[in-house]
Each structure stands twice: as structure tokens, then as C-alpha cells.
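Per chain, numbering begins at 1; letters A, B, ... match sequence-line order.
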Protein chains: 2
Amino acid sequence: MSEGSKRRLKLWIRLLSVTRGAEAHLREFLRVRHGSTLPRFDVMAALYRRRDGCSMSELSRMLLVSNGNVTTVVDRLEADGMVERRPSEADRRTVFVSLTPQGLQHFEVLARDHEAEVAKIFAGLDDADVDALTEIMKRAAKR
Amino acid sequence: MSEGSKRRLKLWIRLLSVTRGAEAHLREFLRVRHGSTLPRFDVMAALYRRRDGCSMSELSRMLLVSNGNVTTVVDRLEADGMVERRPSEADRRTVFVSLTPQGLQHFEVLARDHEAEVAKIFAGLDDADVDALTEIMKRAAKR
DNA sequence: GCGAACAATTTCAAGATTAAAACTTTTATG
DNA sequence: CATAAAAGTTTTAATCTTGAAATTGTTCGC
């Protein structure tokens with residue numbers, strides 16, 4: 001096994017550790033301060049970016065989770081009045097999901113606090129680190 | 001909201017996307033090639049590093065998951081003969097877990113293939129990227 | 001147009017995950 | 001010593017997650 005593969009393995013372990021730590025922190029934050037969860041936040045964030053709504057499949061691709069998963073999270077959000085389903089008229093297989101006005105309002109509060117919390121988590125990195133990291137991540141994503 | 005917090009939010013989104021993509025790839029790899037799963041691999045990897053065994057709580061802290069979670073994953077690994085529980089003699093509350101000989105043998109094959117797969121995933125990064133990233137991650141972990 | 005492949009979503013069963021509560025054992029304190 | 005606090009683990013209920021199967025709808029080749 002090559003030297004390079006060991007270095008990449010080490011990198012992966014660190015990456016995972018940082019990401020999981022941050023996720024745990026954000027989950028706790030959402031739970032305690034907003035009575036919400038990470039998957040709910042993720043779905044709402046995706047719908048906030050796609051303000052006109054998007055299909056379940058698109059949602060699943062954006063979030064890198066299974067489509068069955070999207071169904072159950074959207075089910076709960078719908079039950080809470082945060083999102084709504086709307087059947088496509090062009091293709092009756094497709095279902096469009098979008099934030100309700102209430103969901104939009106709720107998310108904007110959530111997003112503001114979430115951004116501040118993320119900034120807190122990465123406060124230990126200076127601006128040069130942030131830029132370098134973002135750049136490298138962009139390259140790592142291309143596969 | 002400051003400019004810096006927006007940049008850090010962007011960084012976080014990229015970080016998550018890369019990490020989730022890699023996790024999805026590794027999960028698929030473990031499932032198809034080895035009939036295993038990521039949490040099982042993680043537990044076995046932790047026990048491989050702590051060859052003499054470690055307590056459930058240590059395991060939970062190492063992996064950044066809840067102790068209830070460790071219980072169920074270890075339950076299954078134990079049922080499959082990969083790990084064994086051994087009550088502590090000094091403190092009867094604690095339970096030590098360790099790889100069985102079969103588990104050790106199984107893991108060594110798994111680990112070799114896993115390392116190669118990780119190297120494949122991060123093949124798009126050159127050695128300088130890998131070093132820079134590892135360094136920054138070390139800094140990000142300090143909180 | 002028929003029928004077969006394909007596509008979008010949901011359902012299902014199994015496993016993973018969490019937080020909180022329950023249980024057992026140890027330690028500390030009066 | 002008694003007993004209260006703390007610690008390690010498991011259990012429980014709820015949510016999340018996956019991959020596969022089932023359902024429903026569309027498209028395409030003939």
C-alpha cells in the first residue's frame with residue numbers, strides 16, 4: 001500500500017472527525033434552541049434556495065440522501081405546516097414541494113442563528129484557512 | 001451578519017457535501033464488496049487501534065456517537081462473532097469490548113480495501129492539498 | 001395504439017441514531 | 001456504616017436512513 005494512500009486515509013479520518021463534531025454541535029443547537037433537527041433544517045434550507053419548489057427526486061439528489069428518506073422527513077414537515085406538496089400538472093408522477101409562508105418565516109429565523117453558530121464553530125480558522133479549505137473542497141468534489 | 005460568517009457557512013456546506021459524498025461512496029463499497037456497513041467498520045477500526053479492548057464509553061467517545069448506539073452496533077457484531085464483551089474485574093459496571101481473532105482477521109482485509117478506496121476518492125487532490133488540508137483540520141478540531 | 005422499458009414516488013423491513021430514563025455498581029460524604 | 005451522588009451500561013421511544021419492492025404514470029419502439 002502506497003505512502004500516499006496512508007496520508008489520504010489520515011486526512012479522511014480527520015475530515016470525518018471535524019465534520020461529525022460540527023454536526024453533533026449543530027444538532028444539539030437546533031434541538032435546544034429551536035426544537036428542530038438537522039434533517040429538517042437541511043430540507044428547509046434546500047427549499048429556501050429553490051423558492052419555487054422542487055420535486056422529491058431533486059431534493060434527494062441535492063441532499064445526497066435516499067428518496068425514501070426525503071419522503072418521511074417531508075411527511076413530518078408537512079404535518080407541521082412547514083412545507084406543502086403540490087402535484088405536477090405536466091407529469092402526474094412528479095410531486096413538487098415548497099415552503100409554506102409559515103415555513104419560510106420559521107426558516108429565516110433558523111437560518112440566521114444557524115449561520116452564527118457555524119461561524120462560532122469555525123472561529124478557530126483564520127480567513128486564509130477558510131479560503132484555502134473552500135478552494136481545496138471545490139477540487140475534492142470533482143470526481 | 002458579518003462577511004466572515006457567510007464565508008464560513010459556505011465552507012461548511014462544501015465540507016458537508018464532500019464528506020457526505022465520500023461516506024455514501026464508502027457505504028456502497030462496504031455493502032457491495034464486503035456485505036458490511038460503515039458503523040460496523042468504524043467500531044471495528046476503533047477496536048483495531050485499541051487492540052487490548054476498551055470500554056463501551058470509550059468507544060462512544062472515540063466515534064462521537066451516543067452510548068446507546070454503540071450498544072446496538074456491538075450487539076450485532078458480537079452476534080456475528082466479530083467482537084466479544086468481557087466484564088471488567090476491577091469495576092463491574094464497565095464492559096470491555098475487543099475484536100475476536102475472527103474479527104481481527106476479517107478487519108485486516110476490510111481495512112486494506114477501505115484504504116485503497118479512500119485513496120481513490122481523494123485521488124483528485126495532490127500531495128500539497130492533502131498536507132494543507134490535514135494541517136487545517138488539525139487546527140479546526142481544537143475548540 | 002400496445003406493450004415493454006423507464007421514471008417518480010411511496011411503502012416496507014431492517015438497521016442506525018439520539019436523548020432520556022432505568023438499572024447496576026462505585027465513590028464520596030456525613 | 002448509611003445514603004446520596006456519580007458513573008457505566010442498557011433499554012426505550014422516536015426519528016432517521018437505507019435499499020429494495022411496489023405503485024403509478026410516462027415514453028418509446030414497433
Side-chain angles (χ1 to χ4, degrees), chain A residues 16 19-21 23-44 53-80 82-97, chain B residues 16 19-21 23-44 53-80 82-97:
Chain A
L16 253 189
T19 310
R20 289 198 178 155
E23 272 188 307
H25 183 95
L26 286 173
R27 176 174 26 253
E28 171 79 0
F29 169 76
L30 286 174
R31 185 177 62 84
V32 171
R33 318 291 293 202
H34 295 282
S36 191
T37 69
L38 225 30
R40 288 169 72 101
F41 180 84
D42 288 344
V43 167
M44 294 183 82
C54 73
S55 74
M56 296 294 278
S57 296
E58 287 176 294
L59 214 41
S60 139
R61 276 191 296 275
M62 282 193 268
L63 302 178
L64 298 176
V65 300
S66 69
N67 42 5
N69 186 2
V70 172
T71 295
T72 73
V73 176
V74 166
D75 280 351
R76 288 185 220 283
L77 285 172
E78 192 179 27
D80 293 345
M82 295 293 144
V83 309
E84 65 185 354
R85 282 180 165 95
R86 177 169 42 85
S88 162
E89 298 181 8
D91 184 341
R92 271 180 303 175
R93 291 170 302 181
T94 309
V95 177
F96 286 109
V97 198
Chain B
L16 254 189
T19 310
R20 288 197 179 155
E23 274 187 306
H25 182 95
L26 286 173
R27 177 175 24 254
E28 172 79 359
F29 168 76
L30 286 174
R31 185 177 63 85
V32 171
R33 318 292 294 201
H34 294 281
S36 191
T37 68
L38 225 29
R40 288 169 71 100
F41 181 84
D42 289 345
V43 167
M44 294 183 83
C54 72
S55 75
M56 297 293 278
S57 297
E58 286 176 295
L59 215 40
S60 140
R61 276 192 296 276
M62 281 191 270
L63 302 177
L64 297 177
V65 300
S66 70
N67 41 7
N69 186 3
V70 172
T71 296
T72 73
V73 176
V74 166
D75 280 350
R76 288 186 220 282
L77 284 172
E78 191 178 28
D80 292 346
M82 293 294 145
V83 308
E84 65 185 354
R85 282 181 165 94
R86 176 169 42 85
S88 162
E89 297 181 9
D91 183 340
R92 273 179 302 176
R93 289 171 304 181
T94 67
V95 177
F96 287 109
V97 197

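- Among the heavy atoms of the strands lying under 4.0 Å from A/Thr94 are primed sugar atoms or P, OP1, OP2 only; no base atom is included.
- A donor-acceptor pair under 3.5 Å is absent between the side-chain atoms of A/Asp80 and the main chain of A/Met82, judged by distance alone.
- Using a 4.0 Å cutoff to heavy atoms of chain A, the contacted part of DNA chain D runs 5' to 3' from D/dT15 to D/dT26.
- Under 4.0 Å is where a charged nitrogen must lie from a carboxylate oxygen, and between A/Glu28 and A/Arg31 at least one such pair does.
- For B/Asp75 and C/dG15, the CG to P distance is 12 Å, given to the nearest whole Å.
- Proximity of B/Val97 to B/Glu78: side-chain heavy atoms (C-beta onward) are nowhere separated by under 4.5 Å.
- Between A/Leu30 and A/Thr37, the closest side-chain pair of non-hydrogen atoms is not below 4.5 Å.
- Between B/Cys54 and B/Met62, the closest side-chain pair of non-hydrogen atoms falls below 4.5 Å.
- Between the P atom of C/dG15 and the CZ atom of B/Arg31 lies a distance of 14 Å, rounded to the nearest Å.
- Around atom CZ of B/Arg85, more than 12 heavy atoms belonging to other residues, nucleotides or ligands sit under 6.0 Å away.
- The residue B/Arg85 sits close only to the backbone: its heavy atoms come under 4.0 Å of sugar-phosphate atoms, none of a base.
- The distance from atom CZ of B/Arg20 to atom CG of A/Leu63, rounded to the nearest 0.5 Å, is 7.5 Å.
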- Task: Go along nucleotides 1-6 of chain C 5' to 3' and tag each nucleotide: B for a protein heavy atom under 4.0 Å from its base, S when only backbone or sugar atoms are that close, - otherwise.
- Result: ------
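- Atom-to-atom, CD of A/Glu28 to C1' of C/dA19 comes out at 9 Å; the value is rounded to the nearest Å.
- Look at CG on A/Asn67: it is 15 Å from P on C/dC12, rounded to the nearest Å.
- Nearest-nucleotide positions on DNA chain D for B/Arg61 and A/Leu64 put B/Arg61 closer to the 5' end.
- Remark: C1' of C/dG15 and CZ of B/Phe41 are 19 Å apart, rounded to the nearest angstrom.
- Between A/Arg27 and A/Thr72, the one whose closest nucleotide on DNA chain C sits nearer the 5' end is A/Thr72.
- Residues A/Thr71 and A/Met56 approach most closely at CA-CE, 3.5 Å, considering heavy atoms.
- Between A/Arg76 atom CZ and C/dT10 atom P the separation is 14 Å, expressed in whole Å.
- If you measure from atom CG of B/Asp91 to atom P of C/dC23, you get 20 Å, rounded to the nearest angstrom.
- The residue B/Ser57 sits close only to the backbone: its heavy atoms come under 4.0 Å of sugar-phosphate atoms, none of a base.
- Taking all atoms of both residues into account, the shortest heavy-atom contact from A/Ser55 to A/Phe96 is N-CD2, 3.8 Å.
- When heavy atoms are screened at a 4.0 angstrom cut-off, B/Thr37 is found touching the sugar-phosphate backbone but no base atom.
- Atom CG of A/Leu38 is separated from atom P of C/dT17 by 14 Å (rounded to the nearest Å).
- Contacts of B/Thr71 with the nucleic acid, taken as non-hydrogen atoms under 4.0 Å apart, include base atoms.
- Comparing C/dT25, C/dT9, C/dT18 by their nearest atom to the side chain of B/Arg92 picks out C/dT25.
- Judged by distance alone, with hydrogens and angles left aside, the side-chain atoms of B/Ser60 form a donor-acceptor pair with the main-chain N or O of B/Val65 at under 3.5 Å.
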